[in-house]
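First the structure, in the form of structure tokens, and then the observations on it.
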2 protein chains.
Amino acid sequence: MLLSKSCLYGVRAAMYMATLEQSEYVTIQQISEKLNISFHFLTKILQTLTENNIMVSYRGPKGGVALAKPSKDIRLIEIVDAIDGTHIFSECIFGLPGCGNMTPCPLHGEWEREREKIRRMFSDTTLAMLADKINVFNLRISDTDSAPINAKLLKSLTITHRKRK
Amino acid sequence: MLLSKSCLYGVRAAMYMATLEQSEYVTIQQISEKLNISFHFLTKILQTLTENNIMVSYRGPKGGVALAKPSKDIRLIEIVDAIDGTHIFSECIFGLPGCGNMTPCPLHGEWEREREKIRRMFSDTTLAMLADKINVFNLRISDTDSAPINAKLLKSLTITHRKRK
DNA sequence: AGCATTTCAGACTCTTTTATCTTAAAATAA
DNA sequence: TTATTTTAAGATAAAAGAGTCTGAAATGCT
């Protein structure tokens, strides 16, 4: 698994909040129920995101968490970096410490290119983009509800979105 | 980490054996010392590879393990599939079960493309190719010995190898 | 002020992965 | 046969990841 479970939960929570697109606080309880994630576990994860200024939190009644910035200004890579760390995208594919341009492993160059593409995928994607897709196509974000969609329609969007870059 | 430690160790051991390119058995003891991997742990990993017909083993004096086929006929993907399983390259990036073309997650299309490229990287690479690189450029395969190389020279090889496809 | 609500902080448990240790089994050579 | 070398197999231990629980701190409401 490329991303840890904590990271996946954090991303999914952030996507959910982006789909609401409201300036009010949402309780972690609500998010955990909607996404079918353990409340206490999610609490810990979202704490990390508030520490990293991706979310803001407020205690007490009417409290909860909210995105710290408009969803169009939050990129997936910020969340991944905050929770799983930046090393994912600098690590040797064979786990060799010190693998780099000067002392490369046999697949260093190839993997460097691939992991850079993945990183770009994460940094090219904003929460707003994801939220749009989720709303327009009723895409799945939880592991419980299924959301059968118009696959052909989605494909066309995906390609368009790619070409724009 | 994309690949488990077991998988990394298995790949490194296979690469090492490919650099020797001899038809005789190599003891796991020797491999573990050369690559600085726990002997008993490596033994278990290589057992998996013999079960999957990637290596053959022989007990007793003069025994050890050997590649089951010429190194040019063994592709990296075989080792990865044998140890970490094939699910790596079919998994949803957000870990959502059932994510697919009919019920996709918001990044399904993008990730499907990337993971397919990674899989291709593994299936395009044979042990012989890796062994060649290691021998010619004295590349590192262990975490102990460092092997400073001619970076510019390597880069040219890497690009050539890419263009051939 | 007192109470209910909600995040925060830390300790704790459970599970999986990683690693080690011990003994058995197989093959070889003397 | 017997000693030796080596993989096979299983039990156990350590570390990391995933998840749970409890109490404290902050906030709003009555």
Side-chain angles (χ1 to χ4, degrees), chain A residues 1-13 17 24-68 80 83-85 87-88 91 94-95 97 143, chain B residues 1-13 17 24-68 80 83-85 87-88 91 94-95 97 143:
Chain A
M1 206 155 36
L2 184 69
L3 304 176
S4 72
K5 285 225 166 178
S6 299
C7 189
L8 302 181
Y9 292 163
V11 169
R12 277 156 65 182
M17 293 166 70
E24 283 171 28
Y25 290 102
V26 187
T27 67
I28 300 178
Q29 188 71 52
Q30 181 190 331
I31 305 173
S32 77
E33 281 166 11
K34 282 281 182 184
L35 301 184
N36 198 34
I37 299 170
S38 150
F39 166 71
H40 290 287
F41 193 31
L42 185 59
T43 294
K44 206 178 268 181
I45 295 162
L46 297 193
Q47 267 173 39
T48 306
L49 292 183
T50 60
E51 282 166 16
N52 283 272
N53 303 311
I54 293 165
M55 294 185 180
V56 289
S57 67
Y58 208 77
R59 288 200 260 200
K62 293 267 173 183
V65 290
L67 297 176
V80 173
I83 297 175
D84 274 355
H87 61 276
I88 306 183
E91 240 171 20
F94 295 136
D143 55 357
Chain B
M1 202 155 38
L2 184 69
L3 304 176
S4 72
K5 284 221 168 184
S6 298
C7 190
L8 302 180
Y9 291 164
V11 169
R12 277 154 65 183
M17 291 165 70
E24 281 171 31
Y25 290 103
V26 187
T27 69
I28 301 178
Q29 189 70 52
Q30 181 191 331
I31 304 173
S32 77
E33 280 167 11
K34 281 281 181 183
L35 300 183
N36 200 35
I37 300 171
S38 149
F39 166 71
H40 290 287
F41 193 33
L42 185 59
T43 293
K44 220 170 257 178
I45 296 163
L46 296 193
Q47 265 172 43
T48 307
L49 293 183
T50 60
E51 282 165 14
N52 282 273
N53 302 311
I54 293 165
M55 294 186 182
V56 288
S57 67
Y58 210 78
R59 291 201 258 200
K62 292 267 174 181
V65 290
L67 298 175
V80 173
I83 297 176
D84 274 354
H87 61 276
I88 306 182
E91 241 170 21
F94 294 136
D143 56 357

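Reminder, nothing fancy here: chain letters follow the sequence lines and each chain counts from 1.
Contacts of A/E91 classified as side chain to side chain contact (heavy atoms under 4.5 Å, CB included), with partners at least two apart in sequence or in another chain: A/H87, B/M1. Evaluation of the ring pair (Phe, Tyr, Trp, His ring centres under 6.0 Å) rule for B/F39 yields no partner, not counting sequence neighbours. Under the side-chain hydrogen bond (donor to acceptor under 3.5 Å, both in side chains) criterion, A/E51 pairs with no residue at all, not counting sequence neighbours. Scored by the side-chain hydrogen bond (donor to acceptor under 3.5 Å, both in side chains) test, B/S4 finds B/D84 as partners (sequence neighbours excluded).
The interatomic distance linking A/Y25 (OH) with C/dC8 (P) rounds to 10 Å, in whole Å. When rounded to the nearest whole Å, the span between NZ of A/K5 and C1' of C/dC14 equals 14 Å. Following rounding to the nearest Å, B/I83 (CD1) and C/dT17 (C1') show an atom-to-atom distance of 14 Å.
Put simply, B/S6 has a side-chain N or O that comes within less than 4.0 Å of OP1 or OP2 on C/dT18.
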List, one per line, each side-chain donor-acceptor pair under 3.5 Å for residues 52-67 of chain B, sequence neighbours excluded.
unit_1	atom_1	unit_2	atom_2	d
B/N52	ND2	B/T48	O	2.8

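Annotation for B/L46 and B/A13: closest pair CD2-CB, 4.0 Å, computed over non-hydrogen atoms.
Using a 4.5 Å cut-off on side-chain heavy atoms (C-beta onward), B/Y9 and B/L35 make no contact. Looking at heavy atoms from C-beta onward, B/F41 lies out of side-chain contact with B/S32 at the 4.5 angstrom threshold.
Protein chain A contacts DNA chain D over a range whose 5' and 3' limits, counting nucleotides with an atom under 4.0 angstrom from a non-hydrogen atom, are D/dA18 to D/dG28.
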With sugar-phosphate taken as primed atoms, P, OP1 and OP2 and all else as base, the protein-contact string of nucleotides 20-30 of chain C at under 4.0 Å (heavy atoms; B, S, -) is BBB--BSBB--

